[in-house]
Chemist: 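The structure follows.
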Amino acid sequence: MLDPHIFRTDLDYVKEQLSRRSFSFNTESYTALEARRKDIQVKTQELQNERNSRSKSIGQAKAKGEDIQPLLDQVQHLGDQLKEAETELSGIQAQMAALMEGIPNILDVSVPDGKSEDDNIEISRWGDIPVFDFEPKDHVDLGSKRGMDFELGAKIASARFVVLNGPLARLQRAIIQLMLDMHSLEHGYNETYVPFLVNADSLRGTGQLPKFESDLFKVDNDPAFYLIPTAEVPVTNIVRDVIVDAKDMPLKFVSHTPCFRSEAGAYGRDVRGMIRQHQFEKVELVQIVKPEESAKAHEELTEHAENVLKKLKLPYRKVLLCAGDTGFSSSKTYDLEVWLPGQGAYREISSCSNFRDFQARRLQARWRNPETGKPELVHTLNGSGLAAGRTLIAIMENYQDAQGRIRIPEALLPYMGGLDIIE
RNA sequence: GGAGAGAUGGCCGAGUGGUCGAAGGCGCACGCCUGGAAAGUGUGUAUACGGCAACGUAUCAAGGGUUCGAAUCCCUUUCUCUCCGCCA
C-alpha cells in the first residue's frame, strides 16, 4: 500500500508515477471519495464528542445524586444519528481501503520505461555460453531416460506436475542443500522453516491479495488457507504487526519451501518440461532493513543469488525490469536469467525485488527509529536464491555430454554421495 | 475431539458500568544527587486520523449486541495455556 499522505499532498505525482505502469488512476473519483470521507468523519466525530460529553455529565449528575431524567431525554435522539453516521463512515473507509489495496507500488527512479519484458535492460552477463560439438538436448529429452517423468506427474496430479526419481531427485535436493548452506553460512542469513499454507491476512500483507487470488491455490477450509506461491509470503509475514528492534536489523532470512502456483492465464506457455509447474522448490532470501539501507541491501541480495549461479558455473545475465514488467508490490526488480542450451535462450531463475515500505505498510511491520523515538515502517526485500527446479534444468542442459549424460557440478559433489555423473 | 482458564501499553500487571488511554512496577529518555558510577530521587514515556493550535475522535485479541455511557455486561470468532483422548 502507498502512503495515504502523498495522496493528500501530491495527487498528481501519484497519478503520473502510476501511469508508468499503465495504471490509470482516477484522481477525480478519488478526490470525491476522500472529500466525502473527511466530511462524514468530521460529522461522526462531532456526534461522538457530543455523546461523550453528555454521557459524562450524566455520570457526574448521578454521582451527586441529582435527577438525571432530563439529561437522558436530551440525549435520546443522538443514538440513531450517530449510528447512521458511523455506518456511512465505515462504508466509505472500506471503499477507500479497497481502492488503496488495488494500487501498485511506485517505481524507483532508476526503473526504465517500457511495456513488456522486451523493454527490460540487460545490466551484465557472466560466464561463457557452452559450445557443444553435438546438438544439445533440452532437459525433457535428457530427463526422459533418467527419472524425470511428466506422465506420472499428470497421472498422480495433473499437467504441470512432475515426478523425479533417483539421481535427479537427489540432484535437486543437493541444489537446495548447497544454496541453504551458502546463504546461511557465507551470506549471513538465518535459516527458517515456515508454514506452506497461509491465511488471507498474510497474502494481503505481501500484496498477493486481494488482486491476484486467481494465481493461488485455495484450500477449502473455514477460514480459507492458501498454498504459498513463494516463501516470501510466510517469511515476510514474520514481521507483520511487529516493531523490530533497531539493533537486530537487518533481519535476513533464508527459507526453502515448495511453491504452488495455479498458472491460470499461462495456458499454452512453457507447456513443455519443468519450466512452469504448479509445484516447484525454491530457496528464498528475505531481508527486513532500515529504509535508508534498502537500495544497498537490494544490490547485495541480488549478488547473493548471483553467487549461487557462479558457484555452479552457470552462465547468466542480470536484467533490470522495466516499468511494465515490474511486479505489483515491487519498486525495483532485478531478474537473473540463466542460459538454457536446450532453448538457446536466457530464462528467469531468480527475481530480486525491493518493496521499500509498500509491504511494510500493509503488514504494519515497523522498527523504532532511535533518532525520532517513533515506530517507523521498515523496508522489505526478497529474491529467489534460486528457484531449485529451474536450477536443476539449467544444470542438466549445461552439463550434458554427447551421450546425454549429466556431469555433476563440482560444488554439488559433496552432496551427491559419491555420484559425479548421471548416466 | 472433550473439560477448564485466559487475552489490557515496549514488557509485567491492576482495573466488573461513569472525569479510564487506562493505577502500580519494569524498561527507556532527560534532569537532580555524585569526583565518577551504583543506589536514591524528579519529570516524561502508545498509535492513527482531523485541526495552525488548544484540542477532538478512535483503539484494552477481533467482530457484533445491550446502555445516555463498556476495558468492565451479553453473543460469536480467533489465539494462548492446563488436563484428557488421538497422533508423526
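Below, chains carry the letters A, B, ... as their sequence lines are ordered, and counting in each starts from 1.
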Chemist: Whether A:Asn49 contacts B:rU57 is assessed here as follows: a side-chain N or O lying under 4.0 Å from the phosphate OP1 or OP2. Is that the case?
Modeler: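 Yes, such a contact exists.
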Chemist: Would you check, one step at a time, whether the test side chain to side chain donor-acceptor pair (under 3.5 Å) holds for A:His304 with A:Tyr189?
Modeler: CA-CA 10 Å; A:His304 296 150; A:Tyr189 289 78; 2.8 Å; yes
Chemist: OP1 or OP2 of B:rG51 versus the side-chain N and O atoms of A:Lys38: is any pair under 4.0 Å?
Modeler: yes
Chemist: Counting only Watson-Crick pairs (N1-N3 plus N6-O4 or O6-N4) and G-U wobbles (N1-O2, O6-N3), all under 3.5 Å, who is the partner of B:rC32?
Modeler: B:rG40
Chemist: Where each residue is assigned the nucleotide of RNA chain B containing its nearest heavy atom, which of A:Gln60 and A:Pro4 is assigned the position nearer the 5′ end?
Modeler: A:Gln60
Chemist: Measure from CD on A:Glu46 to P on B:rA58 and round the result to the nearest Å.
Modeler: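 Atom CD in A:Glu46 sits about 13 Å away from atom P in B:rA58.
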Chemist: Take atom NZ of A:Lys83 and atom P of B:rC68, then tell me their distance rounded to the nearest Å.
Modeler: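 Nearest whole value for this atom pair: 11 Å.
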Chemist: Quick check on side-chain hydrogen bond (donor to acceptor under 3.5 Å, both in side chains): which of A:Glu281, A:Glu284, A:Glu191 does A:His256 satisfy it with?
Modeler: A:Glu281
Chemist: Between the side-chain atoms of A:Lys62 and the base atoms of B:rG18, is any donor-acceptor pair under 3.5 Å?
Modeler: yes
Chemist: For B:rG50, does the base pair up with any side-chain atom of A:Gln41 as donor and acceptor (N or O, under 3.5 Å, distance only)?
Modeler: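 Absent.
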Chemist: Do any side-chain nitrogens or oxygens of A:Arg51 fall under 4.0 Å of OP1 or OP2 in B:rA58?
Modeler: yes
Chemist: Who does B:rG50 pair with, Watson-Crick or G-U, both distances under 3.5 Å?
Modeler: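 Partner of B:rG50: B:rC55.
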Chemist: Report the base-pairing partner of B:rU16 (Watson-Crick or G-U wobble, both distances below 3.5 angstrom), or none.
Modeler: none
Chemist: Hey, are A:Glu263 and A:Arg160 close enough for a salt bridge, meaning a charged N less than 4.0 Å from a carboxylate O?
Modeler: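 Salt bridge between A:Glu263 and A:Arg160, a charged N being under 4.0 Å from a carboxylate O: no.
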Chemist: Side-chain N or O of A:Asn52 less than 4.0 angstrom from OP1 or OP2 on B:rU57?
Modeler: yes
Chemist: Counting heavy atoms not belonging to A:Lys43, are there more than 12 under 6.0 Å from its NZ?
Modeler: no
Chemist: How many Å lie between CD on A:Gln81 and P on B:rC68, as a whole number?
Modeler: 15 Å
Chemist: Could you tell me the Watson-Crick or G-U partner of B:rC60, where both distances fall under 3.5 Å? Say none if there is no partner.
Modeler: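 Paired with B:rC60, as far as the under-3.5 Å criterion goes, is no nucleotide at all.
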Chemist: Using 4.0 Å as the upper bound for N to carboxylate O, is an ion pair formed by A:Glu299 and A:Lys318?
Modeler: yes
Chemist: Is B:rU80 paired to anything, Watson-Crick or G-U wobble with both distances less than 3.5 Å, and if yes, which nucleotide?
Modeler: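 Across any shown strand, B:rU80 pairs with B:rA5.
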Chemist: Write down the partner of B:rU66 under the Watson-Crick or G-U wobble criteria, each distance required to be under 3.5 Å.
Modeler: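 Pairing partner: none.
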Chemist: Under a 3.5 Å cut-off for both distances, is B:rC86 Watson-Crick or wobble paired, and to whom?
Modeler: none
Chemist: Run the side chain to side chain contact (heavy atoms under 4.5 Å, CB included) test on A:Ile408 and A:Ile421 for me, step by step, so that the C-alpha distance in whole Å, both residues' side-chain angles and the decisive distance to 0.1 Å come before the verdict.
Modeler: CA-CA 5 Å; A:Ile408 303 299; A:Ile421 192 161; 5.6 Å; no
Chemist: Need the pair for B:rA22. Rule: Watson-Crick or G-U wobble, both distances under 3.5 Å, any strand; none if unpaired.
Modeler: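 For B:rA22, the partner nucleotide comes out as none, under the 3.5 Å rule.
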Chemist: Looking only at side-chain atoms of A:Val75, point me to the closest of B:rC68, B:rC49, B:rG10.
Modeler: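 Closest nucleotide to the A:Val75 side chain: B:rC68.
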Chemist: Rounding to a whole Å, what distance do you find between A:Asp241:CG and B:rA48:P?
Modeler: 14 Å
Chemist: Using heavy atoms to find the nearest nucleotide of RNA chain B for A:Gln48 and A:Arg37 separately, return the residue whose nucleotide is more 5′.
Modeler: A:Arg37
Chemist: Contact class for A:Asp245 (heavy atom, under 4.0 Å): base, sugar-phosphate, or nothing?
Modeler: nothing
Chemist: Can you check whether A:Arg8 has a side-chain N or O nearer than 4.0 Å to OP1 or OP2 of B:rG50?
Modeler: yes
